[in-house]
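Only one structure is covered here, and it is reproduced in the block below.
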Amino acid sequence: MDIILCHTTADFDTLGAAVGLTRLSPGSRIVLAGGCHPGVRQFLALHRDEYPLIERRSVNPDRIRSVTVVDTQQRDRLGKTAEWLDLPVPISVWDHHPHVQSDIPATETHIEALGATTTAIVEQLRLGLDPHPNGPILNVAEATVMALGIHVDTGSLTFDHTTPRDAIALAWLMQQGASLSVIAEYIEPGLSPRLQDLLTTALDTLHTERIQGHPISTVLLETPEYIAGLSSVAAQIMEITDTEALLLGNRYPIKGSDEHRLVVIGRSRISETNLQTLFTPWGGGGHPRASSVSLRLTDPVVTFQEILAEFKKQIPHQPVARELMSSPVRTIRPETTIHEAQRILLRYGHSGLSVVNEGGTLVGVICRRDLDIALHHGLGHAPVKGYMSSNVRTIAPDTPLPEIEDLMVTFDIGRLPVLSEGSLQGIVTRTDVLRQLHQDSAIGSQSNLTSGSPPYCPLPREVVSLLSSRLAPQLLTLLNRAAQLAEERGWHLYLVGGAVRDILWAIYHQEGSSGFKLLGKEESRKESEGDRTPLLLTDIDLVVDGFDSRADDAAGVELAEHLQKLYPTARLDIHGQFQTAALLWHKDPDLDSLWVDIATARTEFYPYPAANPEVEASSIRQDLYRRDFTLNALAVRLTGPNRRGEILDFFGGWLDLQAGQIRVLHANSFIEDPTRIYRAVRFAVRLGFEIEPQTQGYIRLAMESGVYLRSPELTRRVPALETRLKNELKYILQAPYWQRALQLLDSFDALRCIHPSLKLDRDLWQQLRLVDRWIRQIQGTVNGAESPLKSLPESWQIRLELLIAHLEPQWRGEVAQNLQLSSDSIERLEQLATAAIAVMPVRETSRPSEVVRLLSRYDLPMLMAIAVSSPKAVRRQIWQYIHHWMKVKPLLNGNDLKAIGYKPGPQFKTILDSLLAATLDGEIQSRADAEAYLAQYFPRNSMP
């Protein structure tokens, strides 16, 4: 006999999964381990005969051939049927709680993170029993109970743990004829009179308190005996009150004992809480949003309070105004004109401005809409005091997010000034609130981080414990010391940018894979099971947000200086213009080649397209907002006892990271800084990502706008932009993926940022590929420190010079100067056209000595640039010169001439040149030939 076990107090999911398994294993019998939920009991009262159910007492253990357990992995949830787990028979487990510690000795497991166990069974049914997809293969009773299992355990596809697979399975069951009327009846069962009375009692005694802004309700009911169906009472309480979490306890005496039974039912809508994790240590289980536990205790009240206290610890810190606000606040005076206020809004990208009097007291707020209306009526010259709102609602620095949200919704306010003792500290805008809400909705529990549930993995709320096992101890120590220094000064410190991106990517891939690839690294590193090889991070960006303590603009520099005192071997560089400092460890035994940039949180404004940005100190939110792509706008908080390790992701960078796409933050980003186009292409090709379609559109729009001409005046060149462009070109042209990057840049017409006429046409593409082969072959022939090939520049510089060489001769030198290339590069490019004409007489019929005489005046980069654009005959001669003839030396040198009897003088050069030419042309092949040559053409008695 093949037995399928449903856990005690059977729900629809365990019953539906068991029914499905009887179709996978015909002849199996279902055993209820003990008791049912009221709804299930009522359902079976009508439909029991339609399923292969058998009583436990009717089973002969000696005849059991196999045991299958559904919807649990815990032995104590199987009642007396748990004895069958000790039989020498195969045991299978089907469940959808991957993080539960199993104590069942299973020989086969099917455990996946799904909304319902029934979903996994349905998928197997579809694979094995669906040869005719147009016709049903289940009867109505089977399809209905399985659909109930998915409906109830996923809240009709609304619970957080629901997956797309649950919806697909449910749709298939509907195709099989599941009865919607029966499903509706048992999803929303009416309460019995006894339960209705308990609901009334519960509502009368319900205690609600706000924890971190969330309303949390508790009630402990006392009954003379066990009451079935209390989960329905809990559901009703959640439905008719505004509570976000509920702990419903039921205490009743155990007959013949001084102890009591305590049943606790938990429900929560707070995404960061996990009731399953809460109840597991007490022996309970369920789902993150709906779980229960049953305990035998002497003092249920104390235990109930302990469970409540542990639940409160799960509730995350609720952001308050001081953490959400932008600071310092852009303010204007009441006398400021409408036109000037509109210009300030445009400069800083705000949607409104605070108006203060001479004493700095807030007197009003004016929004963009008010300014637009005034400008529409031609009142740009009027002062803002006639149009501002003077009845201003304000908040305090410790006002929590829910209250801020309520104020904005109730009064339709887009911005709330933050006042402390009458002083304007900052401002919270609707955008700040929406970003925080997006951040909270994207964050999942740490336990779900590596569940592998498609299509996306939730963003972990806290990563410090994960980083401790993945970063080198020396680096962790450095970050902890930096955080401590910041906290001592009342500052917040954040790890930002590419390091966060790479860390999250590595963590995301550390489970369910035999290896991971750190973004930006060309090599993959394997991990054996249990191995946690430290990540190799050599470039760290830290941002100091010091405005809560009214720190000055140099907070980042000050932190770097104090950190350098702890690490005296580190070199400190300070860049005052941008409030940044850099620490470099070179050949340090613990932190070798580590580069740490420390900056004050800042915002920036581009006075005109492609200009150098004007920088001002600001908050971490604005600092992240000024960055280029969502992947680089991620941050990890390193300070604060309550929020240490929290990830900041206001722009969906985590989802873009998992989707493998590059997405820009702002529509005008590429117009403000065209080099971001090159950065987007570099990231996309290097990481193997796609550039998101709208971002592609912004790139094309920027190029069509003529942004590559650098300014509205179409004539101004911006040195800082040229430096950034040169750096991006260097990164691209020195990388293994340079060919793909150039092709992608050309598809956007972005090579015009170098010069408006530059295009990757067929000739240029062939020249670049040819010079690449020459670089590899020439570098492979370098032998010895004296080789003339040692003077070959870096490959990226040769490729860049070749790009510039494709321009008309009159533009080459100017472009090279704009890109701040070396004087040698500029000279080569300016002389390239003349040199190419000068070597044209070189042909295959030319004597080697003639070729050497023509080519020896040019260096290797010049010859390579000439060769790739010359006819094959000239190219072959240049190749021969580089690989053979330029290395040939005369068989006699100056010392030999003196030993023979020649007197030193200017004639030595003439003699040696003649000897070299004769050697190149094959007229001299030995020392004796050379001496005979001298006797014939340079007799000693004829020499001066």
Any side-chain heavy-atom pair from [X] and [Y] closer than 4.5 angstrom?
X: D11; Y: D71; answer: yes
X: I64; Y: V59; answer: yes
X: W654; Y: I647; answer: no
X: Y51; Y: T22; answer: no
X: T14; Y: T72; answer: no
X: Q73; Y: T109; answer: no
X: V40; Y: H37; answer: yes
X: L295; Y: H260; answer: no

We want to know whether [X] and [Y] form a side-chain donor-acceptor pair, criterion being a heavy-atom distance below 3.5 angstrom.
X: T243; Y: T208; answer: no
X: D204; Y: T201; answer: no
X: H110; Y: E108; answer: yes
X: T144; Y: S179; answer: no

Checking side chain to side chain contact (heavy atoms under 4.5 Å, CB included) for the pair L401/V320: CA distance, chi angles, key distance, verdict?
CA-CA 6 Å; L401 176 61; V320 295; over 6 Å; no
Atom pair [atom1]/[atom2] of [X] and [Y] - distance to nearest 0.5 Å:
X: R251; Y: T223; atom1: CZ; atom2: OG1; answer: 10.5 Å
X: E239; Y: R267; atom1: CD; atom2: CZ; answer: 13.0 Å
X: T205; Y: L220; atom1: OG1; atom2: CG; answer: 8.5 Å
X: E403; Y: D398; atom1: CD; atom2: CG; answer: 9.0 Å
X: Q175; Y: L170; atom1: CD; atom2: CG; answer: 11.0 Å
X: I3; Y: S25; atom1: CD1; atom2: OG; answer: 10.5 Å

Exercise: identify the closest heavy-atom pair between [X] and [Y]:
X: G20; Y: L125; value: O-CD2, 4.0 Å
X: A106; Y: V93; value: CB-CG2, 3.7 Å
X: Q74; Y: Q101; value: CG-O, 4.4 Å
X: T119; Y: A169; value: CG2-CB, 3.9 Å
X: A245; Y: I270; value: CB-CD1, 4.2 Å
X: I404; Y: T399; value: CD1-O, 3.6 Å

Among V89, V31, V69, I91, exactly one meets side chain to side chain contact (heavy atoms under 4.5 Å, CB included) together with W84. Which residue is that?
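For W84, the side chain to side chain contact (heavy atoms under 4.5 Å, CB included) check succeeds only for V31.
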Among T81, I104, V70, the one residue meeting side chain to side chain contact (heavy atoms under 4.5 Å, CB included) with L5
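By the side chain to side chain contact (heavy atoms under 4.5 Å, CB included) criterion, L5 pairs with just one of T81, I104, V70: T81.
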Is a donor on one side and an acceptor on the other found under 3.5 Å between the side chain of [X] and the backbone of [Y]?
X: D13; Y: A116; answer: no
X: T241; Y: I237; answer: yes
X: T410; Y: L407; answer: no
X: E142; Y: N139; answer: yes
X: E244; Y: S268; answer: no

Salt bridge (Lys or Arg N to Asp or Glu O under 4.0 Å) partners of residues 308-321, not counting sequence neighbours, each pair once
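As it turns out, the salt bridge (Lys or Arg N to Asp or Glu O under 4.0 Å) pairs with a partner in residues 308-321, which skip direct neighbours, are E209-K312, E310-K313.
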Looking at residues at least two apart in the chain, or sitting in another chain, which of them share a side-chain contact (heavy atoms from CB on, under 4.5 Å) with E259?
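Checked E259 against side-chain contact (heavy atoms from CB on, under 4.5 Å); matches are I254, S257, R296, T298.
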R75 with D86: basic N within carboxylate O range, under 4.0 Å
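The answer is yes: the pair qualifies as a salt bridge.
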Salt bridge check: are E225 and K255 linked by an N-O gap of less than 4.0 Å?
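No, no charged N to carboxylate O under 4.0 Å.
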Show your working on side chain to side chain contact (heavy atoms under 4.5 Å, CB included) between L246 and I216 and close with a plain yes or no.
CA-CA 6 Å; L246 170 69; I216 309 299; over 6 Å; no
With K80 via salt bridge (Lys or Arg N to Asp or Glu O under 4.0 Å) - residues at least two apart:
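In terms of salt bridge (Lys or Arg N to Asp or Glu O under 4.0 Å), with neighbours along the sequence ignored, K80 is linked to no residue.
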Any chance CG of D258 has more than 12 other-residue heavy atoms, nucleotides or ligands included, within less than 6.0 Å?
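No - once you tally the heavy atoms of other residues, nucleotides and ligands closer than 6.0 Å, there are 12 at most.
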Taking only residues two or more places apart in sequence or in another chain, which ones pass ring pair (Phe, Tyr, Trp, His ring centres under 6.0 Å) with F12?
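Testing F12 for ring pair (Phe, Tyr, Trp, His ring centres under 6.0 Å), a comparison that skips the adjacent residues, returns F43.
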Could you list the residues that satisfy ring pair (Phe, Tyr, Trp, His ring centres under 6.0 Å) with H7, not counting sequence neighbours?
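H7 satisfies ring pair (Phe, Tyr, Trp, His ring centres under 6.0 Å) with no other residue.
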Evaluate L648 against V636 for side chain to side chain contact (heavy atoms under 4.5 Å, CB included), listing each step before the verdict.
CA-CA 6 Å; L648 276 62; V636 173; over 6 Å; no
L199 vs Q196, test: side chain to side chain contact (heavy atoms under 4.5 Å, CB included). Steps then yes/no.
CA-CA 5 Å; L199 174 61; Q196 290 179 17; 5.5 Å; no
Do any side-chain atoms of residues 147-154 form donor-acceptor pairs under 3.5 angstrom with protein atoms, and if so which ones, sequence neighbours left out?
from : atom 1 : to   : atom 2 : distance (Å)
H151 : ND1    : S156 : OG     : 3.0
D153 : OD2    : H96  : NE2    : 3.3
D153 : OD2    : H287 : NE2    : 3.2
T154 : OG1    : I150 : O      : 2.6
T154 : OG1    : L157 : N      : 2.9

